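Note that the coordinates shown come from a computational prediction; the quantities given were computed from them, not determined experimentally. Chain letters run A, B, ... following the sequence lines, proteins first and then strands; every chain starts at 1.
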There are 2 protein chains.
Amino acid sequence: MKWHELGEMNCPVARSLSILGDRWTLLIIRNAFMRTRRFDDFQKQLGITRHLLSDRLNRLVEKNIFAKVLYQEAPKRYEYRLTESGMALYPVILVLTKWGNTWLNEEGSHPALEFIHKPCGHKTDPQLVCSECGEELHAKAMIPVLEQAK
Amino acid sequence: MKWHELGEMNCPVARSLSILGDRWTLLIIRNAFMRTRRFDDFQKQLGITRHLLSDRLNRLVEKNIFAKVLYQEAPKRYEYRLTESGMALYPVILVLTKWGNTWLNEEGSHPALEFIHKPCGHKTDPQLVCSECGEELHAKAMIPVLEQAK
DNA sequence: TCTCATAGGTTCTAAATTGGAACTCACGCA
DNA sequence: TGCGTGAGTTCCAATTTAGAACCTATGAGA
């Protein structure tokens, strides 16, 4: 199966990964959440080749995750800003951060990246909970259901 | 920068993606959460080439995300089961599911994949909340802090 | 005994993707 | 006139992936 075919699959994970599932895309988005917006900044921060960065940014604009915004008239220069659907990827970044901190940090070989939640002022541990009962969600407690679209 | 160098970076997202950041790995893990355990089943369900599947499964065993468990003596046959750190990837799958359902399903072109939360019996919308105050987490409300490991 | 079927791979070649470096272009400035 | 900046594009070599065929051990059936 070729890769682009996955984008049309009936599984939302496959469709998400048809956009996000490569070595660089989520790192670009991570940096966008850290306020990076310009080509050269992404390139220097990530060490990605200019070639690939160009390709990935275009793809993400096409998929409506970034918007290309003019910030200078002459010469015309654009920056890349997260759209609403791009901002909606924040949970993906947070969850990957938590997993990496927890499981890929042998005997504290790296400093842990933690977060303070501004509204409450505390150091927070992001938890994935049920919208109905508030309990933390685990694989074994979930029953998947396919809902026919309206 | 070559890819394997990212695994040693000081960013938990980069370290996570050095394992998970390719076209197939998270799909393999998704299927593992749907109780797939054997080589041929993964291969048939995903349409991945046997070559790559073999490579990815070995890599995931090496990274302690799958454990290779003997399930038949003669001839010796192994199956791949999620370890504790593999099970901890469930939030990643869930969050990708939610994002794909919400943002990659133009005018209901696909049935939405939803979940019933067994303990409370309701259809659930997974939410990422603060462990301290219970509010939903958004990028703008978070202040990252590097904690030196003990 | 011979042949198939099963499970879990490995090997091969061709095609596609990536990495790295150099080059381009349109300015603004000294 | 030449230099610096931002945002790419072009080229070639190296790596990775796709697709198909092959291999191995065992058990079942004719």
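Looking at residues two or more places apart in sequence or on another chain, you find no salt bridge (charged side-chain N to carboxylate O under 4.0 Å, His left out) involving Arg30(B).
Side-chain atoms of Arg77(A) stay outside donor-acceptor range of the base of dA7(D), with no qualifying N/O pair under 3.5 Å.
A sub-4.0 Å separation between OP1 or OP2 of dG8(C) and a side-chain N or O of Ser54(B) is absent. Between Tyr80(B) and dG9(C) there is a side-chain N or O to OP1 or OP2 distance below 4.0 Å.
Closest of all the heavy-atom pairs between Ile19(B) and Thr25(B) is O-CG2, 3.7 Å. Heavy atoms only, all atoms of each residue included: Lys123(B) and Glu132(A) are closest at O-CG, 3.3 Å.
Taking the six-membered ring where the residue is Trp, the centroids of Tyr78(B) and Tyr71(B) are separated by 6.0 Å or more.
Contact check on Arg81(B) versus Glu79(B) returns a salt bridge, with a Lys/Arg side-chain nitrogen under 4.0 Å from an Asp/Glu carboxylate oxygen. Ion pair Asp22(A)/Arg23(B) not flagged as a salt bridge, since none of the NZ, NE, NH1 or NH2 atoms sits closer than 4.0 Å to an Asp/Glu carboxylate oxygen.
A donor-acceptor pair under 3.5 Å links the side-chain atoms of Trp99(A) to the main chain of Ser85(B), judged by distance alone.
With rounding to whole Å, Gln45(A) atom CD is found 13 Å from dG6(D) atom P. Rounded to a whole Å, the CG atom of Leu57(B) is 14 Å from the C1' atom of dA7(C). Look at CZ on Phe39(B): it is 18 Å from P on dA25(D), rounded to the nearest Å.
Note on Phe42(B): nothing from the nucleic acid sits closer than 4.0 angstrom, heavy atoms only.
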Let me have a per-nucleotide readout for nucleotides 10-23 of chain D, 5' to 3', with B, S or -, counting only protein heavy atoms under 4.0 Å.
BB-----SBB-B--
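For the contact set between residues 66-76 of chain B and DNA chain C, defined by any heavy atom under 4.0 Å, the members are Lys68(B), Tyr71(B).
Remark: Arg37(A) fails to qualify as a cation-pi partner of Phe66(A) under the 6.0 Å distance and 45° angle criteria applied to the six-membered ring.
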